[in-house]
Amino acid sequence: MIKRTIATIIRDACEGCKKDGIIPVNVEINPIIEIPKEEGHGDYSTNIAFLLAPVLKKSPQETAGILVRRMDFNAVCDKIDVAGKGFINFYVKDAIWQKLLQDVYAEGVDALFPETGQGKKVLIEFVSANPTGPLHIGHGRGAAVGDVLANILSKAGYNVTREYYINDAGRQIKTLGRSTFLRWQELKGMQVSYEQDLYQGEYIKDLAREIVEKNIDIPSGEEDAIAFMARFSGEVIMDGIVKDLEDFGVYFDNYYKESALYERGVIDDTLSLLKDKGYAYEKDGAFWFKTSAFEKDEDRVLIKSDGEKTYFTSDIAYHLDKFRRAYGTLVDIWGSDHHGYIPRLKAAIQALGKDKEDLKVILIQFVSLLKDGKPVGMSTRAGAFTTLREVLDEVGRDAARFFFLMRKSDAHLEFDLDLAKKTSNENPVYYVQYAYARIMSIFRNAGDEGIDADQLKNADLRLLAQEDEINLIKGIIHFHDVIEGCARSFEPHRITFYLLDLVGNFHSYYNKTRVLGDDRELTLARLLLLYMLREVIRSGLNVLGVSAPEKM
RNA sequence: GCGCCCAUAGCUCAACUGGAUAGAGUGUUGGACUACGAAUCCAAAGGUUGCAGGUUCGAAUCCUGCUGGGCGCGCCA
């Protein structure tokens with residue numbers, strides 16, 4: 001918002017220098033404009049002088065001085081400083097902030113969302129857990145990150161689709177069928193040896209029991225029976241997954257089945273396309289993709305010597321299909337243990353004639369659970385993992401989602417169940433929600449005093465002159481930059497940090513300043529400030545998929 | 001053996017992608033409710049950013065080499 005105005009001031013000054021021959025015309029001007037972390041360094045600062053100093057063969061300070069003298073800033077800034085070794089600091093007028101607040105109030109909080117997307121189509125594929133068992137907590141983190149990222153991009157003007165890829169054609173599904181089949185035989189009183197590499201969880205026994213209890217007909221031959229069990233188990237488990245996700249507040253636009261790639265002939269298209277372009281070849285009775293043509297990685301098998309296609313083949317086909325559906329940017333969210341897979345898929349994307357930057361892979365690091373201060377083990381193999389369902393039941397949706405988004409996604413997350421469950425000040429979720437409830441409470445009181453929201457539009461914002469009031473306004477306006485940053489960097493966790501910071505300032509303000517007072521004009525101005533604060537908090541929580549309770 | 005990620009206050013983590021004196025929360029200590037919700041606030045204390053070099057006006061951030069941890073390296077998915 002205001003950042004753009006600052007950028008214009010800088011650019012105009014540079015253009016002026018070019019015109020006067022101080023800066024060569026062909027020099028690219030690409031300054032960074034940032035919000036200084038140090039208070040006293042103004043509202044914005046730029047490093048432009050450091051960039052131009054070598055060109056002018058002068059010191060950064062001198063360069064900054066030359067530029068500042070040419071800056072036409074009176075409309076928005078009280079002053080511009082050259083500070084430190086050559087930073088240029090901009091001090092925006094209070095009146096500008098007050099005006100921005102007024103504008104945002106008039107247009108509504110949605111005016112703060114950037115329009116970086118311009119309607120471009122983005123496909124976010126996430127969770128995509130195989131339907132061979134319930135979702136565990138790691139899937140939950142991926143679900144939260146994917147869902148919130150989708151919200152952010154969508155709010156930032158992208159046309160977003162959420163997709164879940166169901167891996168229903170691979171060997172794991174066969175293993176699932178065999179697992180259920182053997183458990184079923186056990187129930188029938190047969191002596192079976194249940195192998196180590198089958199699914200160990202109790203839920204397999206539940207599936208077998210369901211088949212028996214519902215008296216479901218099973219095909220007679222073993223092979224047919226296993227195939228039936230595979231389909232049955234997969235569907236039941238998938239239903240459970242969808243239910244878990246819904247309770248977590250995550251909804252998908254599409255569920256895309258791997259088997260559909262075969263049915264629609266996308267697999268064959270992919271193979272012939274790669275072959276025609278010369279990126280695939282035969283060797284040792286198998287059919288290979290030339291990964292090495294694009295990335296520092298070894299060539300990979302597409303069709304095994306036994307004629308079976310590999311998972312990689314499906315995946316290339318799937319991504320080809322995504323591009324065919326006109327998505328310009330593909331976001332894949334994977335567990336970080338799949339990071340070694342990135343080069344080959346990027347290579348495949350390039351073989352399909354796309355830019356490798358068209359595919360963004362976001363890795364989700366593992367979650368370790370903490371209970372009673374001790375780590376909770378979670379091994380999928382042993383069947384003793386903690387499911388998303390268990391976490392949801394224990395701490396609730398709001399805390400679960402918020403906690404999953406309190407860390408950068410590619411960093412380990414330590415999830416403290418006891419903390420997430422606490423309804424006290426230590427719990428960051430409540431810290432944010434409490435601010436919202438507090439503001440709502442003030443508005444209820446204001447209503448009792450005969451002030452309704454309608455009167456806010458007459459508020460005189462020049463009365464918001466306290467330093468912390470101006471700071472709160474800045475915080476509100478910065479919501480725009482935060483969302484923009486999230487959308488650019490694909491980092492949803494920035495919103496949680498922003499909200500915690502924003503409401504921290506509010507709580508502090510609240511303890512110092514009385515909002516409802518005898519001075520009606522001042523009261524109205526402060527109420528408008530709180531109104532917008534409330535809107536931003538609500539909007540931010542909404543993007544996170546966390547509720548904003550009016551009372552708690 | 002090769003490759004990727006991580007290492008920041010006692011603990012859990014930030015730092016707007018190379019910016020100024022590295023910040024929060026928690027924990028510890030001491031304070032604030034007979035006016036809008038104390039699920040809150042204020043203050044003190046806490047650091048050689050794992051180690052050693054390098055790049056430059058400037059490094060937690062980039063490069064090289066170590067130390068310690070996680071994960072990959074299949075005609076598995």
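Note that this is a predicted model, so its numbers are computed, not measured. Scope of the values below: all heavy atoms of this structure, side chains included, with no hydrogens, waters or symmetry mates.
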Closest heavy-atom contact between [X] and [Y]?
{"X": "A/C486", "Y": "A/L149", "value": "O-CD1, 4.5 Å"}
{"X": "A/S233", "Y": "A/T180", "value": "OG-OG1, 2.8 Å"}
{"X": "A/R344", "Y": "A/F289", "value": "O-CE2, 4.1 Å"}

Pair partner, [N] [Watson-Crick or wobble, under 3.5 Å]:
{"N": "B/rU64", "value": "B/rA52"}
{"N": "B/rG19", "value": "B/rC57"}
{"N": "B/rA32", "value": "B/rU40"}
{"N": "B/rC11", "value": "B/rG25"}
{"N": "B/rG3", "value": "B/rC71"}

ask   = Rounded to the nearest 0.5 Å, how far does CD1 of A/I483 lie from OG of A/S539?
value =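 The CD1 atom of A/I483 is 7.0 Å from OG of A/S539, to the nearest 0.5 Å.
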So which nucleotide from [options] ends up closest to the side chain of [X]?
{"X": "A/H339", "options": "B/rG72, B/rA15, B/rC13", "result": "B/rG72"}
{"X": "A/R494", "options": "B/rC41, B/rU17, B/rA20", "result": "B/rU17"}
{"X": "A/I442", "options": "B/rG37, B/rA77, B/rC16", "result": "B/rG37"}
{"X": "A/K408", "options": "B/rA14, B/rA20, B/rC57", "result": "B/rA14"}
{"X": "A/Y430", "options": "B/rA39, B/rC42, B/rG58", "result": "B/rA39"}
{"X": "A/F497", "options": "B/rA77, B/rG58, B/rC13", "result": "B/rC13"}
{"X": "A/R300", "options": "B/rA77, B/rG74, B/rC71", "result": "B/rG74"}
{"X": "A/R407", "options": "B/rA35, B/rC57, B/rU12", "result": "B/rU12"}
{"X": "A/K304", "options": "B/rC41, B/rC75, B/rC5", "result": "B/rC75"}

Close aromatic pair by centroid cut-off 6.0 Å: A/H478 and A/Y498 =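 No, they do not, as the ring centres are separated by 6.0 Å or more.
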Roughly how many Å apart are [M] and [N], using the [atom1] atom of each and rounding to a whole number?
{"N": "B/rC51", "M": "B/rU8", "atom1": "C1'", "value": "15 Å"}
{"N": "B/rG18", "M": "B/rC76", "atom1": "C1'", "value": "42 Å"}
{"N": "B/rC6", "M": "B/rA32", "atom1": "P", "value": "46 Å"}

Heavy-atom donor-acceptor pair, [X] side-chain to [N] base, under 3.5 Å:
{"X": "A/H338", "N": "B/rG72", "answer": "no"}
{"X": "A/T310", "N": "B/rA77", "answer": "no"}
{"X": "A/S305", "N": "B/rC75", "answer": "yes"}
{"X": "A/H412", "N": "B/rC6", "answer": "no"}
{"X": "A/N89", "N": "B/rA20", "answer": "yes"}
{"X": "A/R171", "N": "B/rA77", "answer": "no"}

ask   = Where does B/rC33 fall, syn or anti, if syn means a chi angle no more than 90° from 0?
value =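 Base orientation: syn.
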query = Would B/rU17 be called syn or anti, given that syn covers angles within 90° of 0?
reply =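 Syn.
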ask   = Centre of A/Y318's six-membered ring, under 6.0 Å away, within 45 degrees of the axis: is that where NZ or CZ of A/K322 sits?
value =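 Checked: cation-pi criterion met.
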According to the 5.5 Å centroid and 30° plane-angle thresholds, does [X] stack upon the nucleobase of [N]?
{"X": "A/Y341", "N": "B/rG72", "value": "no"}
{"X": "A/H41", "N": "B/rA20", "value": "yes"}
{"X": "A/Y510", "N": "B/rC41", "value": "no"}

Length of the line joining [X]:[atom1] and [N]:[atom2], which is rounded to integer Å:
{"X": "A/D306", "N": "B/rC76", "atom1": "CG", "atom2": "C1'", "value": "12 Å"}
{"X": "A/E484", "N": "B/rU17", "atom1": "CD", "atom2": "P", "value": "11 Å"}
{"X": "A/D501", "N": "B/rC41", "atom1": "CG", "atom2": "P", "value": "12 Å"}
{"X": "A/H493", "N": "B/rA15", "atom1": "NE2", "atom2": "C1'", "value": "10 Å"}
{"X": "A/N427", "N": "B/rA39", "atom1": "CG", "atom2": "C1'", "value": "9 Å"}

inquiry  = Parallel, tilted or perpendicular, judged at 30° and 60°: which one describes the rings of A/Y510 and A/F506?
reply    =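 Because their plane-to-plane angle lies in the 30° to 60° range, the rings of A/Y510 and A/F506 count as tilted.
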inquiry  = With nearest nucleotide decided by heavy atoms, which residue, A/S441 or A/R344, maps closer to the 5′ end of RNA chain B?
reply    =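 The 5'-side residue here is A/S441.
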ask   = For RNA chain B, whose closest nucleotide is more 5', that of A/A286 or that of A/K3?
value =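 It is A/K3 whose nearest nucleotide is closer to the 5' end.
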message = Using the rule salt bridge (Lys or Arg N to Asp or Glu O under 4.0 Å), only one of A/R4, A/R494, A/K155 pairs with A/E484; which is it?
response =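 Checked A/R4, A/R494, A/K155 against A/E484; only one passes salt bridge (Lys or Arg N to Asp or Glu O under 4.0 Å): A/R4.
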